[in-house]
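Residues: numbered from 1 along the sequence shown. Just follow the structure's listing: the first ligand is 1, and inside any ligand the first atom is 1.
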Amino acid sequence: VKSYQPVQPLYYGWFLNEADSWKLCDIAKSWLQAAINVEQFYKDLSHHIDVVSPEELLRTYSRQTYRDGGSILHCTANFTARGKDESSREYINNPIVKSAMGKCFPLHVIGFIITPRTFGVRLRLTVNQLDLWGQDDTETVPSIISHPHEPKKHKRNEPTEKKTDKENDIRYSLFSTTPLHSSCTVTITQLNSLSQADQFHPTSGKGSRAHITMGCAPGVKPVTTGFDLIDIVRREKEAQSSLTDVLETFTLPGGTLRNYGEGSWALYLDKELQISSLFSAYYG
Ligand code: A2P
């Protein structure tokens, strides 16, 4: 008698609906554009990425490397890699995880991170979401990312001879025209007024890696966004404890942009965005 093993998920996460994914892409695009309008930001980032114009920088981050095609945005809660180790299997069998499946959770967008490799949305997790959080917030960044003194120049998107269906599909470009949808759930809520010290490290400790990958530079995998965020959180802590170090900071309408060095920037929103999501698993 053959025994069959159940297929285990690749990862668990909070998934947006398609309308909200489009909407968030639009919002993210506006913020990236606002950052690019800051001359120092554009100069700094274009020094680290092989782009020749602000328009090209705006087009650099794409979602083509997403395994699922990239039309549904998500925040990974635990990368279980089909139950690769004991802790993944524990997560998969955790009753709290099992009972959260298919349930709705609000996602709180508090800012963005922009680096030569990735463009990500930064999230603040609620207490209930922290119960489901299984990512390592202090994971050591692989060496390819941790050598900031040798910035990796990313090749520009060369025009391909024949575009595949995937490339031609408008959904695979992060910054395409948003179709009209009536089911968006994006709302704006006032952030609790944070002290200036807290403004520049809105998350630390458990859940500080929580993010949505909006797009990656050519050749960069989505997992890199989490490593970039871990790195920025570390730099935020360093900046907070150093009294002398004054970081380049720019006030934008509705947010604050800060340079953490080596082409890594964080954008802090004055008001957080709330978006509905569904907790589920991705099997690939
Ligand atoms: P992220 O959550 O930053 O977007 P892939 O398509 O490469 O298998 O990745 C699927 C999802 O799981 C992506 O969303 C990705 O990053 C996340 N992910 C991939 N590999 C890892 C890993 N080793 N650790 C944590 N998250 C990962």
Side-chain angles (χ1 to χ4, degrees), residues 7-18 20-21 24-25 28 32 60-92 94 97 101 105 107-125 129-130 132-146 154 166 169 171-174 203 206-234 264 266-267 275 277-284:
V7 176
Q8 302 292 5
L10 205 53
Y11 62 90
Y12 287 73
W14 294 277
F15 295 80
L16 275 62
N17 70 30
E18 198 173 357
D20 286 341
S21 300
L24 189 56
C25 279
L32 182 57
T60 290
Y61 304 101
S62 88
R63 288 153 56 203
Q64 286 179 8
T65 49
Y66 267 51
R67 197 189 287 256
D68 66 359
S71 57
I72 297 287
L73 295 176
H74 76 272
C75 167
T76 306
N78 193 342
F79 189 76
T80 43
R82 307 196 194 288
K84 65 175 182 324
D85 54 27
E86 188 55 36
S87 70
S88 296
R89 290 191 290 277
E90 258 174 40
Y91 184 91
I92 292 168
N94 184 337
V97 172
M101 290 292 276
F105 290 83
L107 289 181
H108 299 267
V109 172
I110 55 166
F112 297 92
I113 61 158
I114 309 147
T115 80
R117 299 161 293 277
T118 61
F119 177 34
V121 164
R122 188 170 185 176
L123 299 174
R124 175 180 66 77
L125 299 183
Q129 286 168 322
L130 286 173
L132 299 166
W133 181 247
Q135 294 285 71
D136 180 353
D137 295 294
T138 54
E139 191 171 351
T140 310
V141 179
S143 58
I144 186 164
I145 298 162
S146 65
H154 293 292
K166 192 171 175 177
D169 188 330
R171 286 175 305 167
Y172 294 98
S173 160
L174 171 57
T203 54
K206 192 173 178 187
S208 56
R209 180 181 178 169
H211 67 276
I212 297 171
T213 300
M214 293 306 301
C216 297
V220 176
K221 287 187 174 169
V223 65
T224 314
T225 319
F227 293 131
D228 280 350
L229 182 51
I230 290 172
D231 191 49
I232 283 179
V233 171
R234 183 183 57 77
S264 290
L267 207 162
I275 308 176
S277 72
L278 190 105
F279 184 75
S280 188
Y282 180 78
Y283 288 81

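With a heavy-atom cut-off of 4.0 Å, Lys221 does not touch ligand 1 at all. Of the heavy atoms in Glu139, none comes closer than 4.0 Å to ligand 1.
The shortest separation from a heavy atom of Gln135 to ligand 1 is under 4.0 Å, placing the residue in contact. Within the structure, the closest approach of Arg209 to ligand 1 falls below 4.0 Å when heavy atoms are considered.
Within the 3.5 Å criterion, the main-chain N or O of Pro222 finds a donor-acceptor partner in the side chain of Thr225. Side chain of Thr80 to backbone of Pro9: a donor-acceptor contact under 3.5 angstrom is found.
Comparing Tyr11, Tyr12, Phe79 by heavy-atom distance to atom 18 (N) of ligand 1, the nearest is Phe79. Between Val223, Leu10, Thr118, it is Val223 that holds the heavy atom closest to atom 22 (C) of ligand 1.
Checking only distances, Pro222 does come within under 3.5 Å of ligand 1, N or O to N or O. Taking distance alone, with nitrogen or oxygen atoms compared against 3.5 Å, His211 approaches ligand 1 more closely than that limit.
Between Tyr11 atom OH and Ser88 atom OG the span is 15.0 Å, to the nearest 0.5 Å. To the nearest 0.5 Å, atom CH2 of residue Trp14 and atom CG of residue Leu123 are 9.0 Å apart.
Thr118 places none of its side-chain heavy atoms less than 4.5 Å from the side chain of Thr213.
Close approach of ligand 1 to Thr76 is summarised as follows: ligand atoms under 4.0 Å from at least one heavy atom of the residue are 1 (P), 2 (O), 12 (O), 14 (O), 17 (C). Of all atoms in ligand 1, numbered sequentially from 1 with element shown, those under 4.0 Å from a heavy atom of Thr213 are 1 (P), 3 (O), 4 (O).
Side-chain contact of Asn78 with Thr76: a donor-acceptor pair under 3.5 Å is absent, judged by distance alone.
Cation-pi geometry between Arg209 and Phe227 is met: the NZ or CZ atom falls under 6.0 Å from the ring centre, inside 45° of the normal.
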